[in-house]
Q: 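Take this structure first; my questions come after.
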Amino acid sequence: MKVLVATSKPFAPIAIEGIRKITDAAGYELALLEKYTEKSELLSAVADADALIVRSDKVDAEVFDAASKLKIVVRAGAGYDNLDLAAATAHKVVAMNTPGQNANAVAELVMGLLVYAVRNFYNGKSGSELMGKKLGLLAFGNVGRNVARIARGFGMEIYAYDAFCPADAIKASGAIPVASREALFDTCDIVSLHIPATPETIKSINADIVGRLKKGSILINTARKEVIDEQSLLQLLAQREDLKYITDIMPDANEEFMKLEGRYFSTPKKMGAQTAEANINAGVAAANQIVDFLKNGITKYQLNK
Ligand code: 3PG
């Protein structure tokens, strides 16, 4: 059996070591395609792969067509908008993700970016503190819960809205549930996005909803750039000079956002899950899930059931 790790944004070497231990123990061959820039490289590398591990790499019908031996693809991470699940099913390939494995890394980045933002990007001017501020989590999955856990240590008041998570579960995790997205934006000083990119959420964060924020608020996005209606947000930020937008996913309209001096920051490359620990957690989980599936038929975390 051949397992291909195809990552245009590679794992830390220590994570590859961890993956290799698992594939060696299973008697599988491990192949690496790292830092590739052309889709054609992926298409030729998957030709003889039985299993595939990716990060945000796009795995679409063309990739499945080129991978005639492929039995399983695992997205080492949470969001699987890069996998064409219908094409996976059509090609009889099992698709999985590794939920929760990189959640702490993303949550720590949220807090780091927030400190950076409230301290005016360390420009020497007097800033403000996170203690006592109202933090709103839009979606309360693995990342949102980790942000809540860490933000409690900062003394923040934590609110959450999640269309799929009951209010009781939010309350049990120590956050205050609110009844709607609108209520979250009305209530909070900072709103942190943790929604996946789905047909329902794409472009759902626009001037109407963000415009509800109080004076001096911050919107932070470590989820997906697709959930933002960029032109609508830009228009709002042009009118509302009190608001800041901080993101870990550079918008397509980055150059226009850059004009909002002192109110905008984007990491140059998505950094949320870019830690050795998250790479080990997600990479090793992906390798274990592949072995569990190929040897024992275990389909826990299958997405295309
Ligand atoms: C995820 O969905 O798991 C995160 O966005 C991390 O994505 P990455 O593996 O491309 O860093």
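Each ligand, and each atom within it, is numbered from 1 in the order the structure gives. In what follows, residues are counted from 1 in the order of the sequence shown.
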Q: Would you say the side-chain atoms of Glu41 pair up with the backbone N or O of Glu38, donor to acceptor, closer than 3.5 Å?
A: yes
Q: Looking at Ser173 and Ala169, would you say the former's side chain and the latter's main chain have a donor-acceptor pair under 3.5 Å?
A: yes
Q: Please determine if Lys270 and Asp248 form a salt bridge, counting it only when a charged side-chain N lies under 4.0 Å from a carboxylate O.
A: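 Looking at Asp248 together with Lys270, the answer is no, because their closest N to O distance does not fall below 4.0 Å.
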Q: Output the list of atoms in ligand 1 that are nearer than 4.0 Å to some heavy atom of Gly77, sorted by atom number.
A: 3 (O)
Q: For Ala105, does its backbone N or O pair with a side-chain atom of Asn102 as donor and acceptor, under 3.5 Å?
A: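 Not a single qualifying donor-acceptor pair exists.
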Q: Tell me, please: is Arg224 in heavy-atom contact with ligand 1, that is, under 4.0 Å?
A: yes
Q: Relative to the heavy atoms of Lys9, which atoms of ligand 1 are at a distance of less than 4.0 Å?
A: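 So the atoms of ligand 1 that pass are 8 (P), 10 (O), 11 (O).
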Q: Tell me which part of Arg75 gets within contact of ligand 1: side chain, backbone, both or neither, using heavy atoms under 4.0 Å.
A: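 For Arg75, only side-chain atoms sit under 4.0 Å from ligand 1.
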Q: Going by distance only, is there an N or O of Ala273 that falls short of 3.5 Å from an N or O of ligand 1?
A: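 Such a contact does not occur with ligand 1.
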Q: If you count the atoms of ligand 1 from 1 in the order shown, which ones are under 4.0 Å from a heavy atom of Asn102?
A: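 Contacts of ligand 1 toward Asn102, numbered from 1: 1 (C), 3 (O), 6 (C).
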Q: I'd like to know if Gln274 contacts ligand 1, where contact means a heavy-atom distance under 4.0 Å to any ligand atom.
A: no
Q: Tell me the protein heavy atom at minimum distance from atom 3 (O) of ligand 1, and give that distance in Å.
A: Ala78 N, 2.6 Å
Q: Has the side chain of Glu230 got a donor or acceptor atom that lies under 3.5 Å from a matching backbone atom of Asp252?
A: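 Answer holds: yes.
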Q: When you measure from atom 10 (O) of ligand 1 to every protein heavy atom, which one gives the shortest distance, and what is it?
A: Ser56 OG, 2.5 Å
Q: Between Arg55 (side chain) and Pro10 (backbone), is there a donor-acceptor pair under 3.5 Å?
A: yes
Q: Would you check whether Gly79 has a nitrogen or oxygen atom less than 3.5 angstrom from a nitrogen or oxygen atom of ligand 1?
A: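 By distance alone, the answer is yes.
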Q: Identify, for atom 7 (O) of ligand 1, the protein heavy atom at the shortest distance, and state residue, atom and that distance.
A: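 So the nearest neighbour among protein heavy atoms is Lys270 NZ, 2.8 Å.
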Q: Using only atom types and a distance under 3.5 Å, with no angle test, would you say the side chain of Asp57 pairs donor to acceptor with the backbone of Ser8?
A: yes
Q: Tyr245 vs Phe257 aromatic rings, parallel, tilted or perpendicular, using cut-offs 30° and 60°?
A: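 Rings of Tyr245 and Phe257: tilted, as their planes differ by 30° to 60°.
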